[in-house]
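What follows is a short report on a single structure.
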Protein chains: 2
Amino acid sequence: MTTGQQPSTARGLSRRHLLLGGAAAGIGAAGAIGIDLAGKAGASSSAVVVPLNGAETVPFFGLHQAGIETPPQAHASLVALNLRDTVDRAALTRMMRILTGDAARLTQGEGALADSEPELAVTPARLTITFGFGPGLVSRAAGEAPGWLRPLPAFGVDRLDPAWSGGDLLIQVAADDPVTIAHSTRMLLKDLRSFATIHWVQTGFRRASGSEKPGTTMRNLFGQVDGTVNPVPGTDDFERLVWATTDNPGWLAGGTGFVLRRISMDLDKWDRLDRAGRESALGRTLATGAPLTGTKEQDEPDFTATTPLGFPIIPEYSHLRRARSENRAERIVRRGYNYDEVPAGEGVSNSGLLFVSFQSDVDRQFVPLQQRLDTLDLLNEWTTPIGSAVFAIPPGCSPGGYIGDTLF
Amino acid sequence: MTTGQQPSTARGLSRRHLLLGGAAAGIGAAGAIGIDLAGKAGASSSAVVVPLNGAETVPFFGLHQAGIETPPQAHASLVALNLRDTVDRAALTRMMRILTGDAARLTQGEGALADSEPELAVTPARLTITFGFGPGLVSRAAGEAPGWLRPLPAFGVDRLDPAWSGGDLLIQVAADDPVTIAHSTRMLLKDLRSFATIHWVQTGFRRASGSEKPGTTMRNLFGQVDGTVNPVPGTDDFERLVWATTDNPGWLAGGTGFVLRRISMDLDKWDRLDRAGRESALGRTLATGAPLTGTKEQDEPDFTATTPLGFPIIPEYSHLRRARSENRAERIVRRGYNYDEVPAGEGVSNSGLLFVSFQSDVDRQFVPLQQRLDTLDLLNEWTTPIGSAVFAIPPGCSPGGYIGDTLF
């Protein structure tokens, strides 16, 4: 439903209105709200309608699943389910056909097949629904699993809670509207009633659509500019890091690997650190996100620069330095969300990051990075991984096909 | 900072840009994102900049507190705290001075006084922070409490959990951006560390800013158009129902009464009801929200109309009929939010409504309404109040004053 650069809309535009492609494309995926300038701005010949951002859709069908290249929406709900014992290969096929059909409808602003509240489905707000398969599901399907599809190796910093870890089936539901997330998630969970039970649900958020200039790098709840060097969809870099087949089994061509780390951020303890201490831990300035050796967020860090006393300006154990690899193939694409839950006891925060990364080979890309951070990252003092999960994200499908049809 | 009808912005607009008042007012408080049409639409003489909706502010100081007349933002966090035993009248004054100062700053897009992450404060997104006093706080201040400032009478439908009920101090934090909510709430809770402990936190959501046409009545997670007859801010009706002094003590002039009901909605059970059954329970059609005797949402219901068989078209025990009073003074102003939490066990939903209402006299306005619903509302079959709280909302204050200065 997308035409060129224009955001697509789930509902048609009134004939009285003229959609100016340039203006609409200018706002891109960040969305905007209906404005009719005719007769107001004295520009009677040029009416402008910027579609409601609730009406924007992201195509469902394609070579890849949506929700990976898609610019991150404001809200996400990540749900992991465990298959019921009775679910065999044939049932898995039925399950994925049903889920695919409803995901295709919901993302285009249509009700699910048996939608009990179809009126809640008319505001897709860039809804994407992305499915991932855990080791248990691939094994139930008697499929070949990529070598990396297993729990991550244990890291010294981990304090994992099984209640936030693992799972057979992942559903990533993301949209710019929280009502859309709630309704869509519920429709999919209803589809799954006879196939699976909920293992965990993790919800997160970023800035609202239209809150900030498009392209602004997210800040996490530490106030840290987070994700500056993320590879950009459409570049060779992104293609190679995310979709490369490497040694993955054939059914995963066009798919990728998904890692979730639920990282608790101790804001109460972070409070006791002054800005200089925070910037040392990060290797970047808080105000702009620039490396301590630069002035702008995108400046390349100079790891050789030293202070007059001879100490490195970007500390040896800073997050910026430890997260970097000499090996450009050891990179990942991040697409995470903040979380903020009700604090327990005397604390005033229970917050953190749903760290989500996509990479074609988890063992070759994510694991070496995490090993470097595990050994010596100053940030470990304030962050603790409390959940961990790995899923294989199958490729997209064409109309008539279904997600997972290359596996079953 | 608000000028006429134009949404105010926390940051200035570039000189290269011309803000067209008409266009900006057209989008009103629903907000939009920067668009520069110059050189794109061939309208070189009329550049349009619609401010980022993250930059919009709502004035803090005034006769009334903000967050009541303010068109509901997309997100809200309601926090109730219990005062520590050591907090006396003098400490309460200090507490409210500190909270007022930080609320005034945060709502205008400035960091709190000791803001540890000031970069997270620059996107107010229509942030409002509204304070309410529970019976315990008013008594600690040795103030005169309005007669209605106590737990609501027990209703037959109630299944109240003390963990969702009561409290000494209420903070309603509402904004169009979830990061703003998280940061602001945390700053206020840090201010309160030595004064109070968290009793409960309840978070809710509506459609995102810009998702729907401004003025669209919210739908709850039943799909029900919810709040059609709500009095409109600025009307005599609203003024009388919300701000009337009635028999309230003098310190409450310019203030009002606040009721929160946490209403669990059994979506799984609602699923088993067909559309005709749902519409009978509501007294309205699901598609448009029109009364069953009308065609448009705002149509007046005709309670005398009958079917050919002689039954009333709007059933006797429908929610629409039971929620109506003959007495126009027995009305309230609603400003609620959906909630959607992780389901437990085999359920696929744990959802409901943070029913919030404002009324100058809880006993005369809310209680009779709830009594009518309690006795015979068909919706009771699918809804259960599981939390309940009443607070007195003190008036606003002027710069130099503080919220509660009429009480202390």
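Per chain, numbering begins at 1; letters A, B, ... match sequence-line order. Only this structure's heavy atoms are used, side chains among them; waters, hydrogens and symmetry mates stay out.
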Worksheet item: Any residues in residues 179-189 of chain B near chain A, with a heavy-atom distance under 4.5 Å, and which are they?
Response: Val179(B), Thr180(B), Ala182(B), Arg186(B), Leu189(B)
Worksheet item: Taking 4.0 angstrom as the limit, do Arg275(B) and Glu119(A) come out as a salt bridge?
Response: yes
Worksheet item: Using a cut-off of under 4.5 Å for heavy-atom pairs, which of Arg219(B), Gln202(B), Gln224(B), Glu341(B) has the most such pairs with chain A?
Response: Arg219(B)
Practice prompt. Mind checking the OG-CG spacing from Ser77(A) to Asp340(B)? Nearest 0.5 Å is all I need.
Written response: 7.5 Å
Worksheet item: For Asn350(A), is it the side chain, the backbone, both or neither that has a heavy atom under 4.5 Å from a heavy atom of chain B?
Response: neither
Item to complete: Examine whether an atom of Arg193(B) lies under 4.5 Å from a heavy atom of chain A, and if so say whether it belongs to the side chain, the backbone or both; otherwise answer neither.
Response: side chain
Response to the item:
Comparing Asn338(B), Leu273(B), Asp268(B) against chain A, the one with the most heavy-atom pairs below 4.5 Å turns out to be Asp268(B)
Response to the item:
Whatever's closer than 4.5 Å to a heavy atom in chain B on Ala175(A) counts as neither
Worksheet item: Looking at side-chain heavy atoms only, is the closest gap between Pro343(A) and Ile198(B) below 4.5 Å?
Response: yes
Practice prompt. Measure distances from Leu267(B) to the heavy atoms of chain A and classify the residue's part below 4.5 Å as side chain, backbone, both or neither.
Written response: both
Worksheet entry | chain A contact via Asp274(B) - side chain, backbone, both or neither, heavy atoms under 4.5 Å | neither
Discussion item. Less than 4.5 Å to any heavy atom of chain A: does that hold for the side chain of Trp200(B), its backbone, both, or neither?
Written reply: neither
Worksheet item: Checking Ala287(B) against chain A: side chain, backbone, both or neither under 4.5 Å from a heavy atom?
Response: both
Worksheet item: Which region of Asp115(B), side chain (C-beta onward) or backbone (N, CA, C, O), has a non-hydrogen atom less than 4.5 Å from a non-hydrogen atom of chain A, or is it both or neither?
Response: neither
Discussion item. Can you tell me which portion of Ser116(B) sits under 4.5 Å from chain A's heavy atoms? Options are side chain, backbone, both or neither.
Written reply: both
Item to complete: With the side chain counted from C-beta on, respond yes when Asp176(B) and Ser211(A) share a heavy-atom pair under 4.5 Å apart, and no when they do not.
Response: no
Fill in: Salt-bridge contact Arg278(A)-Glu117(B) (side-chain N to carboxylate O under 4.0 Å)
yes
Worksheet item: What pairs with Arg207(A) under salt bridge (Lys or Arg N to Asp or Glu O under 4.0 Å), at least two apart in sequence or on another chain?
Response: Glu212(A), Asp177(B)
Worksheet, complete the sentence: Checked Thr197(B), Leu221(B), Leu192(B) vs chain A; the most non-hydrogen pairs under 4.5 Å come from Leu221(B)
Practice prompt. Heavy atoms only, distances under 4.5 angstrom: which of Gly223(B), Pro118(B), Ala125(B), Ala114(B) has the most pairs with chain A? Name it, please.
Written response: Gly223(B)
Item to complete: Quick one: which of Val342(B), Asp271(B), Val201(B) has the most heavy-atom pairs under 4.5 Å with chain A, could you say?
Response: Asp271(B)
